[in-house]
There are 2 protein chains.
Amino acid sequence: MDTADDSSLGPLTDDVPSTGFLDDGKNTIGSQLASRLREAIISGELEAGSKINLDKARKTFNVSLSPLREGLARLISDGLVEFQDNRGYRVAPISLANLEEVTTLREELEVFALRESMRLGDVEWEGNIMRALHRLNRTERDAARPETLEHWEALHREFHLTLISGCGKPLLLHFCSLLLNLNDRYRRVFLIRTSGDRNVGQEHSEIAQGAVARDVDYACEKLRQHIHRTGTNLRNHLATKGIA
Amino acid sequence: MDTADDSSLGPLTDDVPSTGFLDDGKNTIGSQLASRLREAIISGELEAGSKINLDKARKTFNVSLSPLREGLARLISDGLVEFQDNRGYRVAPISLANLEEVTTLREELEVFALRESMRLGDVEWEGNIMRALHRLNRTERDAARPETLEHWEALHREFHLTLISGCGKPLLLHFCSLLLNLNDRYRRVFLIRTSGDRNVGQEHSEIAQGAVARDVDYACEKLRQHIHRTGTNLRNHLATKGIA
DNA sequence: ACTATCAAAATAATCGATTATTTGTCAAGC
DNA sequence: GCTTGACAAATAATCGATTATTTTGATAGT
């Protein structure tokens, strides 16, 4: 299956409530497409490894080639799309090796970023963590309703990024954000619910509390374990469900 | 100065010897532009922080908007160009903070990648290192002739990438390559020659020999120091010459 | 049968023109 | 004198059509 169906990939619409101001940088068609495509890829709506036919995509999204290429170009930076001259674009494939690399690098980079955040972060950073944690833990994840999954994913991502947001290193944050994207794709494709032996909510709480208490070793180790467990979990699912 | 002069940024020409085969992926105008722009930015030909006027660039390079945007989009992935919706592109600015982050992250990531390479690399990897080292050390760097600088830079970059090429982690290599790009820009803009108290050639030799001898602690420490010294060096030049 | 070759179809890349947005300027009003 | 608003110029984004490349499929030769 090369192209996605139209279920939720219909023509671009102005579903933004149009608050009138607060330019969040989603103005151009290219930007909107990038967001929609990113979501489509991370959610698994666009199959990993599949070719992206420009002509079909153009019709699906009701846009011209220029913004379509624009949007796709951005997803290349995110590692979600691959490109080859004269051969076009394809959704980045998933693989066991890639999953393991993503996990390993998250352990290295995200933990390092947390360490730096704990060294440099201020009170506002602490407050942001507690808020993100609260919002995340108050949100239920119901496998039956996809929209709750999507919402939980957004808050989960927000929590992890907030945790390391105090590190004062834009490039590092960019790398971590990218790895988180790749990681989330595996979860959303393979993991309907976490395995029973984990209390993910508590894991998040421990990390957050260690962080604001500036207990560096504790918080970093908890985060590392958290990432590692997720990796192991996903690896099992990947092995079970098989990969192409 | 918004646009580069034509000294070496003239219209695109087929200066590739056209070997007839071996497609290295520089076919489209967009690809060629990306290469040329990358070189122009890293070499300092395009001033850091300056706006890139699409219309002027279009005329300078004798191309249409589509491939120009295509090329610029790729440089965004490299961290060499910044973009804002409806405001266009600008050359990524340089700053003390950025230089320090690049140095810190190189210390973290490149050293980690070297460690992994020493754990996983095979004999071919070792051979590639010795070749890259030899070629680098046999190349003189003459501040008077820019083309020798450019050549040395290419070999230097090649050496560092080869060193970590055995790690088996494409994403990590991508991050390191990106950081190396950013780092090289600082060197080419600020550092005509290395300061007298360093024998860079010997530093490279020590790292390489430690690597192939699988003396992990030695090689990693040497690499870390090498990166750190370069950072310190560049920082001094940046402070001396002042930044915008 | 298998492979090589060529033409046609499909697809990607590029162009020139058009539309939309931002930026700069100047005058009117406070 | 300063701000505000309207207009014009500059610039970015998008479109539809054209050109170039790759892929497909049929045919001929071995």
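Proteins get letters first, then strands, A, B, ... in listed order; numbering begins at 1 in each.
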All N/O contacts under 3.5 Å from nucleotides 17-21 of chain C to the protein, with atom names and distances to one decimal?
from    : atom 1 : to       : atom 2 : distance (Å)
dT21(C) : O3'    : Asn86(B) : ND2    : 3.4

**Study point:** Nearest atoms (heavy-atom pairs only) where Glu70(B) meets Tyr89(A)
**Key:** OE2-OH, 3.2 Å
Revision key, fill the gap. When rounded to whole Å, the CZ to C1' distance for the pair Phe83(A) and dA12(C) reads 8 Å
Practice item. Calculate the interatomic distance between Phe61(A) atom CZ and dT14(D) atom C1'; express it in whole Å. Key: 17 Å
Check your understanding: For the pair made of CG in Leu68(B) and C1' in dT14(D), what is the distance, rounded to whole Å?
Key -> 15 Å
**Study point:** Minimum heavy-atom distance Phe83(A)-Asp85(A), with the two atoms named
**Key:** CE2-OD1, 3.3 Å
Review point. Does a side-chain N-to-carboxylate-O contact under 4.0 Å join Glu39(B) and Arg188(B)?
Key: yes
Practice item. Report yes or no: does Thr103(B) contribute a side-chain atom to a donor-acceptor pair with the main-chain N or O of Gly231(B) at less than 3.5 Å? Key: no
Contact list (N/O, under 3.5 angstrom) for nucleotides 8-11 of chain D vs protein:
from    : atom 1 : to       : atom 2 : distance (Å)
dT11(D) : OP1    : Asn53(B) : ND2    : 3.4
dT11(D) : O5'    : Asn53(B) : ND2    : 3.4

Exercise for review: May I ask you to check whether over 12 heavy atoms, not counting those of Glu147(A), lie within 6.0 Å of atom CD?
Suggested key: yes
Practice item. Could you verify whether a donor N or O on one side chain and an acceptor N or O on the other, from Arg74(A) and Ser31(A), lie under 3.5 Å apart? Key: yes
Review point. Are the charged groups of Arg187(B) and Glu153(B) less than 4.0 angstrom apart, N to O?
Key: yes
Review point. Within this structure, what is the CG-to-C1' distance between Leu72(B) and dT14(C), rounded to whole angstrom?
Key: 16 Å
Pairs: protein N or O with nucleotides 5-7 of chain C N or O, under 3.5 Å:
none

Check your understanding: 5'-most contact on DNA chain D: Tyr89(B) or Arg58(A), nearest heavy atom basis?
Key -> Tyr89(B)
Practice item. Can you tell me the distance, in whole Å, between the NZ atom of Lys59(A) and the C1' atom of dA10(C)? Key: 11 Å
Review point. Is there a side chain to side chain contact (heavy atoms under 4.5 Å, CB included) between Leu72(B) and Leu68(B) once you walk through the steps?
Key: CA-CA 6 Å; Leu72(B) 286 167; Leu68(B) 184 56; 4.2 Å; yes
Point to revise | Shortest non-hydrogen separation from Leu99(A) to Tyr186(A) and the atoms involved | key: N-OH, 3.5 Å
Exercise for review: Taking Lys51(B) for its side chain and Arg87(B) for its backbone only, find out whether a donor-acceptor pair lies under 3.5 Å.
Suggested key: yes
Exercise for review: Send over the distance from Glu70(B) CD to dC15(C) C1', rounded to a whole Å.
Suggested key: 14 Å
Check your understanding: Considering all heavy atoms of both residues, which atom of Gly44(A) and which atom of Val189(A) are nearest to each other, and what is their separation?
Key -> CA-CG2, 4.0 Å
